Number of protein chains: 2
Amino acid sequence: MLPAADLMEAFNAASARDPRERRPRRHDPGRRDRLIDAALTVIAERGVAATTHREIARVADVPLGSMTYHFTSLEEVLAAAFTRHAESMARVFDERLSAACDREAAVEAVITLVADDLLGSSGDLVLSVELYVAAARNPALRAVTQAWMARSRTALERHFDATTARELDALIEGLVLHSALSTDPMTPEQIRHAVHRFLR
Amino acid sequence: MLPAADLMEAFNAASARDPRERRPRRHDPGRRDRLIDAALTVIAERGVAATTHREIARVADVPLGSMTYHFTSLEEVLAAAFTRHAESMARVFDERLSAACDREAAVEAVITLVADDLLGSSGDLVLSVELYVAAARNPALRAVTQAWMARSRTALERHFDATTARELDALIEGLVLHSALSTDPMTPEQIRHAVHRFLR
DNA sequence: ACATCATATGTACAATCGTACACATGATGC
DNA sequence: GCATCATGTGTACGATTGTACATATGATGT
């Protein structure tokens, strides 16, 4: 066990440094990327409303000034963060569906997508809803969501006709959102039932 | 045409009163209700993030102090506003479905619900998504959404079995949200097609 | 008539915010 | 080596916020 003095020193160095001493300059390439990730963490945990320069900087453990150096405004941070989130979501979508070789496999891919990927991480779900709200009032973010939706629809069209793809996309959206907001989320079996019913 | 002086006077009286003169006291029963409506207006137009005491007071044309008199906190305002919104939505749901006397009419009711009621007023849609986000971090609001979902499901169960009701509820959610976020919203015909396909 | 008190109004205050900006430092190209 | 400048760091400032609170007024019951 460490002496109390050492604990205090470690504590100060890690999080609550003595404000009188300047923190050592760090060589930190890719800090901008880390800040975007930190922004996503904050948005998921606290919401866009609580996402401030200072909070992101605290999570990323960088001084406040670093935010204004890497981003010209808070809007730019949010745009970068949501763009990364949408890209990440779309990639999962692409991968699942391009791995399916026939229609039956595609149906299974959709079920896995909803039950595992989308409902599995509550953080991603919250991020998506936060994005929807933010997009309602920010044209740049609206473009992000539309690109994302177009991409997921295209992925579905590898296996389904255009009309089915669009309807299925909506069903997925509904199943995920509805399930996530409910006290008793739908089980994978219920998801499977709903998808099969629609595609039967 | 009014003289400029009269215009100025009207302007001052209506919105930008001379701060030196105290505004006349108004007998205003039901002001609390009006404030909740004003809050809903602000949330729909500017978002929860921009919903402040001062902005609501401005929209309702009451002094700031009136907000803190009628509500102990901003959270209470939001809770009251979203509760009213959910109640209003649920009522529409109830009315449409209780008016249907057989299953065929119920299907038509669902289609009307989505295509007309839900997609018709973009304000209500925005309010719903704002509520979802707010509910993600506020237990009181989560209870509001859950009560709302339970009620709409019950309304559907007047005409459909429990499993179908739940799946249909999710589909409705997806169709509305998906359609609203898209550049080209689904047409009533497309909505009809999707619902019929699911319930066929 | 008049006292009471729920309601209405105006203002102050500390906290927090986005952003600007001055200064420090070391990686990099020459 | 060494100058340069991209990057890192600390701090200040005006604006806005939620909330508290002092004061004003008229509807209501007696």
Side-chain angles (χ1 to χ4, degrees), chain A residues 12-39 42-43 46-81 134 137-138 140, chain B residues 12-39 42-43 46-81 134 137-138 140:
Chain A
N12 284 338
S15 54
R17 295 160 310 92
D18 184 336
R20 283 168 309 186
E21 62 184 60
R22 200 179 175 85
R23 74 170 91 182
R25 182 192 179 89
R26 280 176 289 179
H27 177 48
D28 192 5
R31 171 176 289 195
R32 192 175 194 276
D33 274 347
R34 281 181 42 239
L35 289 180
I36 295 175
D37 284 335
V42 174
I43 296 171
R46 312 271 313 272
V48 167
T51 301
T52 66
H53 280 130
R54 286 170 176 83
E55 182 65 15
I56 298 171
R58 188 163 34 240
V59 167
D61 190 34
V62 301
L64 170 62
S66 193
M67 290 297 300
T68 60
Y69 173 73
H70 287 285
F71 305 94
T72 63
S73 73
L74 195 55
E75 265 205 18
E76 185 185 331
V77 183
L78 294 178
R137 293 180 184 81
N138 185 328
Chain B
N12 285 338
S15 55
R17 295 161 310 92
D18 185 334
R20 283 168 308 184
E21 62 185 61
R22 199 178 176 87
R23 74 169 88 183
R25 180 193 179 89
R26 281 176 289 180
H27 177 49
D28 191 6
R31 170 175 290 195
R32 191 176 195 276
D33 274 348
R34 280 182 43 239
L35 290 179
I36 294 175
D37 284 335
V42 174
I43 297 171
R46 313 270 314 272
V48 168
T51 301
T52 66
H53 279 130
R54 285 168 177 84
E55 181 65 14
I56 298 171
R58 207 180 53 75
V59 167
D61 189 34
V62 301
L64 170 62
S66 193
M67 290 297 300
T68 62
Y69 173 74
H70 286 285
F71 305 94
T72 65
S73 73
L74 194 57
E75 264 205 19
E76 185 186 330
V77 183
L78 294 178
R137 291 181 186 80
N138 187 328

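This one's a predicted model, so the numbers in the text were calculated from it and none came from an experiment.
With sequence neighbours left out, the side-chain hydrogen bond (donor to acceptor under 3.5 Å, both in side chains) criterion links A:Thr52 to no other residue. For B:Asp28, the side-chain hydrogen bond (donor to acceptor under 3.5 Å, both in side chains) criterion is met by B:Arg31, B:Arg34, not counting sequence neighbours. With sequence neighbours excluded, the residues satisfying side-chain hydrogen bond (donor to acceptor under 3.5 Å, both in side chains) with B:Arg58 are B:Glu55. Residues passing the salt bridge (Lys or Arg N to Asp or Glu O under 4.0 Å) test with A:Glu75, sequence neighbours excluded: none.
Between A:Arg26 and D:dT9, a side-chain N or O to OP1/OP2 separation shorter than 4.0 Å is present. Taking 4.0 angstrom as the limit, B:His70 places a side-chain polar atom (N or O) nearer than this to OP1 or OP2 of C:dA8. Here B:Arg31 does not reach the OP1 or OP2 of C:dA6: none of its side-chain N or O atoms lies under 4.0 Å away. Phosphate contact (OP1/OP2 of C:dG10, side-chain N/O of B:Arg23, threshold under 4.0 Å): present.
Between the B:Thr68 side chain and the B:Gly65 main chain, a donor and an acceptor come within less than 3.5 Å of each other.
Using a 4.0 Å heavy-atom criterion, one finds that B:Ser66 contacts the bases of the nucleic acid, with or without backbone contacts as well.
Contacts classified as salt bridge (Lys or Arg N to Asp or Glu O under 4.0 Å) and involving residues 65-74 of chain B (residues at least two apart or in different chains) are not found.
Rounded to a whole Å, the CZ atom of A:Arg32 is 15 Å from the C1' atom of D:dA6. Atom CG in B:Asp28 sits about 14 Å away from atom C1' in D:dG26, given to the nearest Å. Following rounding to the nearest Å, A:Leu35 (CG) and D:dT9 (P) show an atom-to-atom distance of 11 Å. The nearest whole Å value for the distance from the CG atom in A:Asp33 to the P atom in D:dT7 is 13 Å. C:dA15 atom P lies 18 Å from atom CD of A:Glu55, rounded to whole Å.
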- Which parts of nucleotides 19-30 of chain C does protein reach within less than 4.0 Å, heavy atoms only, written one letter per nucleotide 5' to 3' as B for base, S for sugar-phosphate only and - for none? B-B--BBSS---

